[in-house]
Q: 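One structure, pasted below without further comment.
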Amino acid sequence: MNRASPIILPLVAAATLAASDGHRATLTYEANGRHTLHAYDVKPTQSSGETDVGTKRLDGSPRRLNPAAYFCVWRDTGPDGYGGRGLRTGRPSEIFLTCRFGTSPWSPPADLIEAATEDLKRESALIRIGWTRSANGYVMKRFELELKKRGGLRFRSQNLTERELSELGISVSKMVAPSMPQGRLVIHLTARIPSRMNSGMKAIGPIIPIEFEGAAMPIPNWMSY
């Protein structure tokens, strides 16, 4: 039985990293028409009343909520990545990319019920991609996509195995891995994503063509999401 070829993100010199306007990203997909969603800058809350005092950093200082609902960040999920992003040097051992997209910038209200009610009225999307570093670059280990229309979840695809990833038709035109904990991840890919509610289940229709382009900043130490 032939094994699926892994999807590898090569190690590219940081000098090739192009500038990005505010570390923003864009997701375009085709489903009953063309839809374009955006991720925006990550900025801390300004008011002390908006501080998430229930979540502490390792040094005891509070994390703060990102006031924007739509953002694109990466973090090192390797064994040496937790709690030491600002102190380490070199490339991350693992990359976990999380991007949330919407039709326009939105800051959810502080009240959780109000935020959930408003969220149901909005179109949004979520992408999660994971890579593990190898001798030749970064090997893709996961790709997840969720699309939500007004009223709730409309599409989900979770892909965690080489076979499942090989069925996504991923074509990469540009990917630049961060060369340091404070570096950016630049990405531009297209794919045809089948519906798969959970990894291990058979892929079914519909198949959603997507294009994903942008740059993700490393998750700030203050951010809680």
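This one's a predicted model, so the numbers in the text were calculated from it and none came from an experiment. The first residue of the sequence shown is numbered 1, and numbering continues consecutively from there.
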Q: With a 4.5 Å limit on heavy-atom distance, are the side chains of W106 and S124 in contact?
A: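 Answer no - side chains too far apart.
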Q: State plainly whether the residues K148 and E146 are in salt-bridge range, i.e. N to O under 4.0 Å.
A: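 A salt bridge is absent here (no side-chain N lies under 4.0 Å from a carboxylate O).
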Q: Which residue is it: Y29, F143, F101? I am looking for the one with a ring-ring contact (aromatic ring centres under 6.0 Å, His included) to F212.
A: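 Answer after filtering Y29, F143, F101: F101.
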Q: Roughly how far apart are L189 CG and S173 OG, rounded to 0.5 Å?
A: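 Output value for this atom pair is 7.5 Å.
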Q: Surrounding CG of N198 (heavy atoms of other residues, nucleotides or ligands, distance under 6.0 Å), is the total greater than 12?
A: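 Counting other residues, nucleotides and ligands, CG of N198 exceeds 12 neighbours.
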Q: Which atoms form the tightest heavy-atom contact between E167 and P194, and what is the distance?
A: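 Scanning both residues, the minimum pair turns out to be O-CD, 4.3 Å.
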Q: Taking atom CZ of R24 and atom NE2 of H38, what is their separation to the nearest 0.5 Å?
A: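 Rounded to the nearest 0.5 Å, the CZ-NE2 separation comes out at 9.5 Å.
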Q: State whether E94 and K141 are salt-bridged, where the test is any N-O pair (Lys NZ or Arg NE/NH1/NH2 against Asp/Glu carboxylate O) under 4.0 Å.
A: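 Salt bridge: no.
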Q: Measure the spacing between OG1 of T190 and CD of E213 and express it to the nearest 0.5 Å.
A: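 Going from the OG1 atom of T190 to the CD atom of E213 covers 11.0 Å.
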Q: To the nearest 0.5 Å, how far apart are CG in L168 and OG in S157?
A: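 The CG atom of L168 sits 6.0 Å away from the OG atom of S157.
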Q: Under a 3.5 Å threshold, yes or no: a donor from one side chain and an acceptor from the other, between E123 and T103?
A: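 No, no side-chain donor-acceptor pair sits under 3.5 Å.
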Q: Where do R163 and S166 come nearest, in terms of heavy atoms and distance?
A: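 What the structure gives for the nearest pair is O-OG, 2.7 Å.
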Q: Over all heavy atoms of both residues, which pair between R122 and Y70 is shortest? Give the atoms and the distance, please.
A: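 Looking at all heavy atoms of both residues, the closest pair is NE-OH, 3.0 Å.
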